[in-house]
Amino acid sequence: MATPHISAEKDAFADTVLMPGDPLRARYIAEHFLQDAQQITAVRNMYGYTGFYENQRVSVMAHGMGIPSCSIYATELITEYGVKNLIRVGSCGAVRDDVKVRDVLIALGASTDSRVNRLRFNGSDFAAIADFGIVQTLVQAASANEIPVRVGAFYTSDLFYHPDGELTERLRRYGVLGVEMETAGLYGVAAEYGAKAATVCTVSDHMVSGESLDSDERQTSFNQMIRIALDAAVR
Ligand code: ADE
């Protein structure tokens with residue numbers, strides 16, 4: 001069995017899939033956090049693996065950058081492979097003074113400049129919200145690991161290099177914690193096909209102060225976030 005973008009066998013994915021944007025992050029998670037991980041797909045080098053975490057079957061599959069790429073993989077995982085829970089594990093920018101690089105954030109809901117949810121929701125505004133149960137489990141897992149997390153509003157943009165000079169100020173005023181490029185689309189896909197989804201991100205850069213993490217620091221905060229996501233996946 002294969003889809004246009006995934007070459008895995010029919011039952012190759014676990015019910016819960018962690019989804020980083022970067023395929024090499026997917027490989028890193030499989031090699032450093034899972035036991036007996038097998039690579040199950042590599043179409044376009046968008047790697048997917050299934051292995052065991054605390055004796056429970058868990059998968060990890062990269063989704064690439066942006067809503068269109070993420071939506072393709074999320075849709076095929078749900079509709080063709082029967083995946084039930086998608087946990088995006090990514091990085092994001094921050095705009096507010098009270099959100100710092102290295103912070104771990106959970107996206108309760110995501111506003112967006114993308115039109116994808118209007119396309120699927122017949123022109124109406126769709127409230128792109130996380131699955132409450134996954135969010136609750138992520139918060140519990142963070143607390144058990146004594147890793148502080150914040151839960152709140154995200155903004156998903158189609159543009160990494162945004163021409164709207166007022167954007168960051170508006171996002172600050174509206175209380176947006178994290179800015180990234182996938183979550184509103186992921187939550188729309190999950191709603192459309194009856195799956196559950198949530199995003200957890202580490203803040204890699206501050207869009208106002210200009211501060212950003214170097215690659216070692218990125219790795220440390222990434223590891224903390226993966227621990228939270230995997231603990232949540234098996235709870
Ligand atoms: N992902 C990480 N940092 C980002 C930013 N500043 N804007 C959009 N996506 C991001």
Side-chain angles (χ1 to χ4, degrees), residues 18-29 46 60-74 86-117 128-130 138 147-190 197-226 228-229:
L18 264 60
M19 301 195 78
D22 178 355
L24 295 181
R25 293 281 191 194
R27 174 176 288 171
Y28 176 88
I29 296 166
M46 202 64 83
V60 50
M61 164 104 212
H63 63 53
M65 281 188 284
I67 288 179
S69 179
C70 181
S71 300
I72 287 170
Y73 295 103
L86 304 170
I87 305 178
R88 168 167 142 69
V89 285
S91 62
C92 66
V95 289
R96 288 174 60 84
D97 300 339
D98 60 350
V99 182
K100 313 283 185 205
V101 293
R102 296 183 197 80
D103 283 359
V104 182
L105 308 176
I106 296 169
L108 197 53
S111 303
T112 186
D113 51 24
S114 159
R115 224 165 68 82
V116 288
N117 288 332
I129 55 168
L138 286 165
I147 300 167
V149 287
R150 292 186 63 183
V151 183
F154 268 47
Y155 186 76
T156 301
S157 182
D158 276 346
L159 295 172
F160 185 87
Y161 301 103
H162 215 293
D164 175 0
E166 326 255 281
L167 178 68
T168 51
E169 182 47 37
R170 192 161 54 252
L171 298 181
R172 281 159 76 93
R173 269 194 282 121
Y174 276 76
V176 168
L177 302 180
V179 180
E180 42 79 276
M181 301 183 71
E182 292 84 14
T183 294
L186 175 67
Y187 291 179
V189 169
T199 288
V200 51
C201 282
T202 55
V203 177
S204 59
D205 56 283
H206 201 288
M207 296 163 72
V208 178
S209 74
E211 191 185 354
S212 67
L213 294 182
D214 67 30
S215 56
D216 283 353
E217 292 171 321
R218 269 175 198 250
Q219 199 63 57
T220 308
S221 5
F222 183 77
N223 288 346
Q224 288 191 326
M225 172 179 64
I226 297 307
I228 294 170

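Every number for a ligand or one of its atoms is a count from 1 in the order of the listing. All figures in this text were calculated on a predicted structure; none of them were measured in a lab.
Between F154 and C201 there is a side-chain heavy-atom pair separated by less than 4.5 Å.
Note that CZ of R172 is 4.5 Å distant from CG of D97, once rounded to the nearest 0.5 Å. Separation of atoms CD (E180) and CG (L186) is listed at 9.0 Å; rounding is to 0.5 Å.
Closest protein heavy atom to atom 5 (C) of ligand 1: F160 CE1, 3.7 Å. Of all protein heavy atoms, the one closest to atom 1 (N) of ligand 1 is S91 O, 3.5 Å. The protein heavy-atom contact nearest to atom 9 (N) of ligand 1 is E180 CA, 3.4 Å. Counting protein heavy atoms only, atom 10 (C) of ligand 1 is closest to V179 O, 3.6 Å.
Atom numbering of ligand 1 starts at 1 in the shown order; those under 4.0 Å from a heavy atom of D205 are 2 (C), 3 (N), 4 (C), 5 (C), 6 (N). Ligand-side atoms of ligand 1 in range of M207: 6 (N), range being under 4.0 angstrom from any heavy atom. Ligand-side atoms of ligand 1 in range of S204: 2 (C), 3 (N), range being under 4.0 angstrom from any heavy atom. Listed by atom number, the atoms of ligand 1 under 4.0 Å from M181 heavy atoms are 8 (C), 9 (N).
At least one heavy atom of C92 sits closer than 4.0 Å to an atom of ligand 1.
Checked by atom type, the side-chain pair T202/S221 shows no donor-acceptor distance below 3.5 Å.
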